[in-house]
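Report on one structure; see the data block that follows.
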Amino acid sequence: MEKDEKRLKQEDCNEDELGAGILTLTNKRLAFDKTQARMMDFSKHFGDTVVDVQLEDLVKTWKEGWLIKKVCFTANTKDGPKTYKFGVFNTKDWLKNIDKAASEAS
């Protein structure tokens, strides 16, 4: 994280294509770090950051699902627009926080 960057929200979650990891919202970006867990000793290790999206690059945010709810966003990346869908607790709160951080960042 940068010097003036503040973590607003962080949670263990699962992304539809990327698998398990930790989603982090800061006042500047959304990041998703892959994790690896071992049941034998209940340890969890951070892996690579596979999603690192600046809030200015967000195109659209929404939530979806009836039983399994997800917070979703589409962002402009170097490879074109990309959509991510994260299974988090309290999707309404995540969506509100992402939208608020994005409006403050721009």
Side-chain angles (χ1 to χ4, degrees):
M1 285 184 13
E2 295 177 11
K3 203 173 175 180
D4 59 340
E5 192 171 11
K6 295 178 184 173
R7 182 175 35 223
L8 303 175
K9 199 163 180 69
Q10 188 172 46
E11 184 176 322
D12 281 343
C13 66
N14 194 43
E15 204 279 330
D16 283 357
E17 295 178 12
L18 302 173
I22 296 178
L23 180 63
T24 304
L25 171 65
T26 71
N27 60 333
K28 294 186 173 196
R29 63 191 172 109
L30 273 161
F32 181 71
D33 301 304
K34 291 285 290 176
T35 57
Q36 294 179 348
R38 274 196 311 197
M39 291 299 291
M40 192 70 127
D41 59 0
F42 301 108
S43 64
K44 184 174 274 195
H45 303 283
F46 276 89
D48 295 331
T49 301
V50 292
V51 175
D52 193 357
V53 174
Q54 298 299 315
L55 294 177
E56 295 86 24
D57 293 334
L58 289 178
V59 176
K60 178 182 171 185
T61 59
W62 72 98
K63 61 181 185 159
E64 66 180 33
W66 183 58
L67 290 174
I68 300 173
K69 297 182 180 183
K70 297 179 187 269
V71 66
C72 312
F73 62 87
T74 300
N76 290 325
T77 65
K78 63 182 179 207
D79 300 324
K82 178 79 174 140
T83 298
Y84 300 98
K85 298 180 179 186
F86 295 94
V88 294
F89 293 111
N90 200 350
T91 55
K92 185 177 180 180
D93 189 52
W94 267 96
L95 187 61
K96 182 181 78 170
N97 283 300
I98 292 170
D99 289 341
K100 182 179 177 187
S103 68
E104 290 174 358
S106 58

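Numbers here simply count residues along the sequence, with the first being 1.
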- Query: Does the side chain of V51 come within less than 4.5 Å of E15's, by heavy atoms?
  - Reply: no
- Item | Rounded distance [0.5 Å steps], CH2 in W62 versus NZ in K70 | 12.0 Å
- Task: Using a 4.5 Å cut-off on heavy atoms from C-beta on, say whether the side chain of N27 contacts that of E104.
- Result: no
- Partners meeting side-chain hydrogen bond (donor to acceptor under 3.5 Å, both in side chains) with E56 (sequence neighbours left out): none
- For L25 and L55, what are the C-alpha separation, side-chain angles and deciding distance, and is it a side chain to side chain contact (heavy atoms under 4.5 Å, CB included)? CA-CA 9 Å; L25 171 65; L55 294 177; 4.1 Å; yes
- Query: Under a 4.5 Å side-chain heavy-atom rule over Ile, Leu, Val, Met, Phe, Trp and Tyr, are V71 and V59 clustered together?
  - Reply: no
- Query: Rounded to the nearest 0.5 Å, how far apart are CG of D12 and CG of D33?
  - Reply: 11.0 Å
- Query: In terms of hydrophobic clusters joined by side-chain contacts under 4.5 Å, are I98 and I22 together?
  - Reply: no
- Answer yes or no: is there a side-chain heavy-atom contact under 4.5 Å between L23 and L30? yes
- Listed partners of D99 passing salt bridge (charged side-chain N to carboxylate O under 4.0 Å, His left out), at least two apart: none
- Residues which pass salt bridge (charged side-chain N to carboxylate O under 4.0 Å, His left out) with K28, listed by chain and number, not counting sequence neighbours: E2, D4
- Task: Can you sort out the partners of E11 under salt bridge (charged side-chain N to carboxylate O under 4.0 Å, His left out), two or more places apart, ordered by chain and number?
- Result: none
- Message: Quick check against the 3.5 Å criterion: does N14 have a side-chain atom that pairs as donor or acceptor with the backbone of A20?
- Response: yes
- Item | D79: side chain to side chain contact (heavy atoms under 4.5 Å, CB included) partners, not counting sequence neighbours | T77
- Query: If every non-hydrogen atom of C13 is compared with every non-hydrogen atom of G87, which pair is closest and at what distance?
  - Reply: CB-O, 3.1 Å
- Task: For K63, enumerate each residue passing the side chain to side chain contact (heavy atoms under 4.5 Å, CB included) test, keeping only those at least two apart in sequence or located in another chain.
- Result: T91, K92, L95
- Item | Least distance between heavy atoms, K34 atom then G19 atom | NZ-CA, 3.9 Å
- Report the residues that fulfil salt bridge (charged side-chain N to carboxylate O under 4.0 Å, His left out) with K82, sequence neighbours left out, ordered by chain and then residue number. E17
- Message: Can you list everything that forms a side chain to side chain contact (heavy atoms under 4.5 Å, CB included) with Q36? Sequence neighbours excluded, please.
- Response: none
- Which residue pairs pass the ring-ring contact (aromatic ring centres under 6.0 Å, His included) test with at least one member in residues 9-37, sequence neighbours excluded? F32-F86
- Note on the structure: Between the OG1 atom in T26 and the CD atom in Q54, the distance rounded to the nearest 0.5 Å is 7.5 Å
- Item | Test side chain to side chain contact (heavy atoms under 4.5 Å, CB included) applied to D93 - qualifying residues, sequence neighbours left out | K9, N90, K96, N97
- Taken in chain and number order and not counting sequence neighbours, the residues that satisfy side-chain hydrogen bond (donor to acceptor under 3.5 Å, both in side chains) with T74 are T83
- Item | Distance (rounded to the nearest 0.5 Å) between L58 CG and R29 CZ | 13.0 Å
